Amino acid sequence: MKAGTKFALGAILIVGSVGYLMASGIKQTGQYFLTPSELAQHVSADPSFYDLGLKVGARVVPGTVSKETATQTLRCHITDGTVNYAVVFKGLPPDTFTDSVEVVVEGRLQRDGVIHATNVLAKCGSRYEAVPKA
Amino acid sequence: MTLLGSLSLWLALLVGLWGAITGFVGGAQQRTDLQQSARHATFVLFGALLVAVISLEVAIFRHDFSVQYVASRTSRNLPTFYLWSALYSGQEGSLLFWAAVLSLFGAMTQLLTSRRHRAYLPYVAAVTSLVATFFVSVMLFAPANPFQRLPFTPLDGSGMNPQLQNPGMVFHPPMLYLGYISITIPFAFAVAALLTKKLDADWLVAVRKWTIVSWLFLSIGLLIGMWWAYVELGWGGYWAWDPVENAALLPWLVMTAFLHSVMIQEKRGMLKKWNLALVIGAWLLSIFGTFLTRSGVISSVHSFTQSPVGYFFLFFLLAAAVASIILYVNRLPLLEAEATLESVISREASFLFNNLLLIGIAFSVLWGTLFPILSEAVKGTKVTVGPPFFNQVNIPLGLALLAMTGVGPLIAWRRASIPNLRRQFAVPATTGVFVLLILLVAGMRDIGALMAFSIGGFVFGTVVQEFARGARARHRQYGEPIPVALVQLLSRNRRRYGGYIVHVAIVLLFVAFSGMAFKRETEATLRPGETATLQGPDGHQYSFTHLGISQYNALNRQVTAALLDVRRDGKAIGRLRTEKRQHVDALGNRTFEPSTEVGIMSGLRVDLYVVLAGLVNGTEQAVFRFTINPLVWWVWFGGFVLVIGGLIVLWPGGGAPPGTGPRPPRTQAGYVVKLEAER
């Protein structure tokens with residue numbers, strides 16, 4: 001076998017494993033990233049979206065955040081303007097998680113209509129800049 | 001000052017355009033007057049942008065809140081230290097900083113490039129001026145003008161985000177920017193080489209050092225960024241596979257590939273197309289990264305405010321990509337290899353595999369980062385992948401790459417013989433197996449970590465063997481004592497042995513990364529006097545006793561601090577303090593959300609990492625998160641070694657040119673000698 005052919009085999013092996021790892025990685029760890037409206041649509045069309053690991057990007061409804069430091073539970077409602085979901089999160093939310101910020105909630109929507117979050121992220125477009133005062 | 005600043009931006013725009021036009025035209029028509037003018041334009045461009053930077057800094061230091069940028073990024077009570085960094089802590093200022101640094105690099109290239117490579121310089125001036133002009137035009141037309149005035153003058157500015165008020169944030173952005181920006185120089189040389197059709201090994205020599213410069217800055221920037229994330233963000237790690245971290249990693253990976261494959265072109269005249277593609281690709285990725293950071297298309301902790309700036313970058317990225325690809329394809333016939341691969345067991349082949357792995361990693365990182373956009377475009381639903389994806393893909397690829405780090409230096413150029421392989425691999429392979437056995441006996445069962453440690457042992461064995469053989473050869477040849485021989489070896493062949501030191505750093509980093517597999521974490525709500533305990537992966541038991549809370553006002557913040565007494569197996573080893581900070585403005589009004597200061601006790605084996613999550617109803621009862629992070633110290637130490645190795649490679653001089661000075665006899669064992677002879 002010529003050196004070039006052997007090298008090509010090695011290259012195919014590497015490229016193949018990269019491809020395989022990526023495909024299987026996406027299959028195993030990919031999560032839907034939805035807005036509350038999209039989630040509502042998906043759930044009504046296909047009940048298997050209950051209890052499925054996913055991410056929801058939305059805005060916190062002002063005044064709905066309650067942080068219980070003792071039990072480390074955070075409750076809030078999130079909305080995209082049309083659909084509203086209740087969220088329960090056990091753990092330490094980030095400092096930036098407050099009223100009316102944009103958030104990404106990672107977790108599962110249960111049959112009771114509440115999103116049980118495993119992770120919450122405050123997504124703040126102006127994170128590194130102060131919010132201009134009106 | 002704002003008028004002066006704005007005027008110098010307009011001047012920079014005109015001069016930059018002039019430099020670009022004269023550079024390209026002067027180069028194409030061989031007109032020395034235009035070429036000279038392009039060269040001078042790079043100096044004037046730098047001068048104009050320097051004036052703009054100084055104007056902005058003066059406005060910042062004078063607290064001129066009539067300037068929007070100053071009002072929205074700083075405040076009267078901001079520590080002076082952070083006033084400096086306010087220059088690049090926001091969108092507009094960082095664009096200015098970027099343009100100014102690029103113009104500095106552009107001017108330096110004109111001054112520092114040796115006469116030998118003079119033919120490239122007009123085009124290099126044109127490219128650097130054009131790119132800098134683009135950044136200036138974004139400021140002027142997007143608009144993202146740092147000198148924009150407010151219709152009124154507020155009494156105080158809104159202050160700097162507390163998370164940016166960390167020493168790491170003063171150094172991380174400029175270092176990363178320096179790396180990012182300096183990639184433009186190799187790219188400019190690549191374009192110049194393609195335009196002049198002088199595509200011999202000469203341009204490689206011209207770009208190699210610049211590539212190492214930007215690789216080094218990028219490495220330092222990434223490392224400081226990791227450190228900042230670790231000590232400031234409080235989530236207990238240093239790398240989150242955040243889109244913008246990925247964006248900075250991508251050009252780093254591609255440049256690492258280039259720094260290896262460039263050796264094949266120098267020695268064997270192969271891979272010319274590949275190398276040019278890598279240089280162009282690295283630069284496009286740097287612009288792509290800038291686009292990601294500034295457009296808000298992908299949510300990230302790093303995003304700036306969404307703005308039309310993103311479209312400018314997207315347009316620029318596409319235009320630059322199309323132009324470079326057309327030029328590149330046009331010149332492909334000139335880039336034929338001078339030699340072919342002789343054997344798959346050769347240095348060339350192993351470098352090629354290393355390149356494929358690096359590019360494979362880069363591709364998977366790019367793919368994962370863009371997947372939300374791609375899946376939405378194709379399927380209509382956004383699917384995201386997170387750290388699990390990146391870890392799952394990159395741990396195996398990274399381990400394979402680590403193995404190549406050890407294999408590459410052991411295999412001879414052209415074709416390795418079996419006895420040669422046996423002699424080369426015996427010691428390193430034994431070291432790797434030895435490490436594996438020790439860890440298995442010690443009870444380690446995590447497969448990823450076992451592989452990282454044993455492959456690390458193998459690579460370390462390779463490097464030690466290289467140094468030992470080289471030093472012994474010098475010792476026999478010149479009678480130098482071994483320590484002197486080691487120093488001489490390093491200083492005579494900085495590029496090679498500096499590279500080996502970087503390899504050691506990579507081993508240290510991999511070992512440190514795999515330590516995170518043994519991370520332990522717990523959360524506890526403690527009253528003063530109560531204790532939480534956590535079993536460390538190092539076999540020790542750590543206990544944390546809550547001593548109490550203190551609250552006080554500091555310069556620009558109200559601090560709530562918790563103090564903890566830390567014991568290892570019952571013995572006191574020190575105290576940790578962790579804070580919640582509420583930043584306030586000069587009038588005492590609250591600004592920003594409260595931020596957390598992490599308490600860290602760093603050791604060679606484990607870091608104890610404590611976060612104060614909050615107080616229960618304002619009492620002294622507090623909620624903590626305790627994390628034991630193994631081997632994190634080694635990330636910083638590995639980073640330090642990496643920088644040292646990089647500096648050794650970069651240090652001017654680099655030892656005697658081939659053919660001069662004493663040379664060890666050919667009969668010495670090992671390819672150290674063989675390689676010398678092959679030059």
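What you are looking at is a predicted structure, and each value in this text was computed from that prediction instead of being measured.
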With no hydrogens and no angle check, do the side chains of B:Ser158 and B:Ser72 hold a donor and an acceptor under 3.5 Å apart?
no
Is there any residue in residues 73-81 of chain A with a non-hydrogen atom under 4.5 Å from a non-hydrogen atom of chain B, and which ones are they?
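Listed by number, there are no contacting residues, so the answer is none.
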Quick check on [X] against chain B: is it the side chain, the backbone, both or neither that has a heavy atom closer than 4.5 Å?
X       : result
A:Ser24 : both
A:Gln28 : side chain
A:Ile26 : both

Heavy-atom distances under 4.5 Å only: say whether B:Leu615 touches chain A with side chain, backbone, both or neither.
backbone
Is it the side chain or the backbone of B:Pro387 that comes within 4.5 Å of chain A heavy atoms, both, or neither?
neither
In sequence, state the C-alpha distance, the side-chain angles, and the governing distance for B:Glu348 and B:Arg268, and then conclude on salt bridge (Lys or Arg N to Asp or Glu O under 4.0 Å).
CA-CA 9 Å; B:Glu348 295 91 313; B:Arg268 308 274 285 123; 2.5 Å; yes
Taking ring pair (Phe, Tyr, Trp, His ring centres under 6.0 Å) as the test, write out the residues that go with [X], two or more places apart.
X        : result
B:Tyr609 : B:Tyr230
B:Phe390 : B:Trp241
B:Tyr82  : none

Can you confirm whether A:Tyr32 is buried at OH, in the sense that more than 12 heavy atoms of other residues, nucleotides or ligands lie under 6.0 Å from that atom?
no
Check this for me, if you would: do B:Arg73 and B:Glu92 make a salt bridge, where the nitrogen-to-carboxylate-oxygen distance has to be below 4.0 angstrom?
yes
Should the pair B:Glu620-B:Arg527 be classified as a salt bridge under the 4.0 Å nitrogen-to-oxygen rule?
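No, no charged N to carboxylate O under 4.0 Å.
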Which one of A:Val15, A:Leu54, A:Ile14 has the most heavy-atom pairs closer than 4.5 Å to chain B?
A:Ile14
Top contributor to chain B interface from A:Leu34, A:Thr29, A:Leu13 [non-hydrogen pairs under 4.5 Å]
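Ranked by heavy-atom pairs under 4.5 Å with chain B, first place is A:Thr29.
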Atom CD in A:Glu106, atom OG1 in A:Thr118: separation rounded to 0.5 Å?
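Taking CD in A:Glu106 and OG1 in A:Thr118, the distance rounds to 5.0 Å.
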Taking every heavy-atom pair that is under 4.5 Å apart, which of B:Val616, B:Val623, B:Thr384 has the most such pairs with chain A?
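Max contact count across the listed options: B:Thr384.
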From A:Leu39, A:Val83, A:Thr35, residue fulfilling side-chain contact (heavy atoms from CB on, under 4.5 Å) relative to A:Val56
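Answer after filtering A:Leu39, A:Val83, A:Thr35: A:Leu39.
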